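To keep things clear, I will list the structure first and then write my remarks on it.
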Amino acid sequence: MYDTAKIMAGIIIFLSLITFPVWYNVVGGKAAYIPDLKIVTQEKQCVESTGYMRTNHMQLLNEWRNTVVREGNRVYVASNGKKYDMNLSRTCLKCHLNKADFCDKCHNYVEVTPTCFNCHVVPEERNS
Amino acid sequence: MKTDRRGFLKIGGIGILGFAARPLMDVLLKGDLVEASPEADALTGKRWAMAVNVNKCKEGCRDCIAACHSVHNVPDLGNPKDEVKWIWTEPYKKVFPEQEQEFSTRGNKPVVVLCNHCDNPPCVRVCPTKATFKRRDGIVMMDYHRCIGCRFCMAACPYGSRSLNWRDPRPFIKKINPDFPTRMRGVVEKCDFCGERIAKGLIPACVEACKEKALVFGNLKDSGAEVREVLRASHTIRRRPELGTGPQIYYLV
Ligand code: SF4
Ligand code: SF4
Ligand code: SF4
């Protein structure tokens with residue numbers, strides 16, 4: 001009377017369809033894939049710890065932008081007391097000079113397209 | 001007191017009016033609250049300004065323009081309609097329409113013009129996003145991250161000091177200076193008084209490039225500054241000061 005079997009079958013088909021991308025990646029071995037970033041820095045440490053930079057670089061860069069442009073202050077004092085020029089092209093990209101293998105790989109993976117590089121200039125990428 | 005529906009609405013209406021009046025009065029009476037209020041350190045602080053000695057300026061020379069446009073990645077679109085300019089020249093009669101003397105020695109020779117970094121800049125007042133703002137040191141600055149390209153500022157600036165990027169400027173920059181960002185389509189730009197160079201203790205690129213020493217840049221609040229000497233020694237005029245914008249580019253004509 002309630003067509004339980006048909007409804008259940010319908011639900012199962014529906015669920016398997018919408019979760020198809022997940023299954024597809026699991027079967028294809030892509031689920032465990034993480035982007036393989038190439039780190040070719042000269043410095044041993046970034047302006048803050050790696051973990052902090054990994055999760056917060058976008059907030060940090062946003063803060064830098066506001067401090068430099070709106071307040072005219074260009075010096076960043078890191079938590080360890082070291083001073084840095086708040087400059088995307090000069091400070092960040094001096095170390096991460098392989099934008100394609102570092103920034104882009106991760107940004108592509110998580111599908112975010114920051115507009116920073118529409119205006120900020122990437123110094124010529126040196127491959128190593 | 002008996003409050004009927006009519007009375008209640010009246011009281012409510014007056015209350016709402018009260019709330020609405022405050023911001024309205026702020027806007028009408030004070031213009032830009034943040035930027036226009038005199039700073040506590042106004043007397044001791046810095047106030048950047050420039051003097052232009054029109055008589056020293058060699059005709060046909062474009063050194064200042066070339067220097068500014070190359071360090072700031074100003075595109076050359078090769079067509080006057082889309083032109084982006086930070087510093088350029090205009091015929092004398094256009095720069096000083098009220099000073100027109102038909103038979104003066106000056107004639108109608110070109111005069112160097114740039115953003116006047118006005119004391120009371122109309123471009124700042126009209127910008128809905130505060131992408132254009134005035135710094136404490138007098139520099140009228142652009143925050144390219146915020147500009148939405150509405151061009152209110154272009155309409156408000158009586159000197160035509162601002163340009164809109166109608167097209168993506170990158171392909172039109174001959175040699176990109178990696179130390180300065182380029183802009184993108186739909187963003188307004190103009191002279192920033194070399195804020196990025198001042199921060200490093202350098203004088204503006206146009207002043208540095210002028211071999212004739214026709215441009216003098218300095219702090220108006222420092223009585224020993226060269227720019228003050230120039231202002232003391234000669235009669236100077238400014239562009240259309242009657243508009244009340246308080247331009248800070250002084251011309252020796
Ligand atoms: S010259 Fe024009 S753009 Fe420059 S501050 Fe004055 S009004 Fe604004
Ligand atoms: S064009 Fe940009 S700077 Fe000019 S008023 Fe609009 S938002 Fe402000
Ligand atoms: S002060 Fe700087 S930004 Fe302004 S015109 Fe001169 S070089 Fe260009």
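Chain letters run A, B, ... following the sequence lines, proteins first, then strands; residues in each count from 1. What you are looking at is a predicted structure, and each value in this text was computed from that prediction instead of being measured. For the numbers below, each heavy atom of this structure counts, side chains included, while hydrogens, waters and symmetry mates do not.
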*asked:* Can you confirm if the NZ or CZ of B:R240 lies within 45° of the ring axis of B:Y159 and under 6.0 Å from the centre of its six-membered ring?
replied: no
*asked:* Among B:D119, B:D222, B:N219, exactly one meets side-chain hydrogen bond (donor to acceptor under 3.5 Å, both in side chains) together with B:R47. Which residue is that?
replied: B:D119
*Consider only side-chain N and O atoms of B:E189 and B:W86, and report whether a donor and an acceptor are under 3.5 Å apart.*
yes
*B:F180, part contacting chain A, at a heavy-atom distance under 4.5 Å*: backbone
*Leading residue by heavy atom contact count with chain A [cutoff under 4.5 Å; candidates B:R170, B:M142, B:M141]*: B:R170
*Does the side chain of B:E196 reach to within under 4.5 Å of the side chain of A:R74, using non-hydrogen atoms?*
yes
*Mind ranking B:R146, B:K200, B:R185 by heavy-atom pairs under 4.5 Å with chain A and telling me who comes out on top?*
B:R146
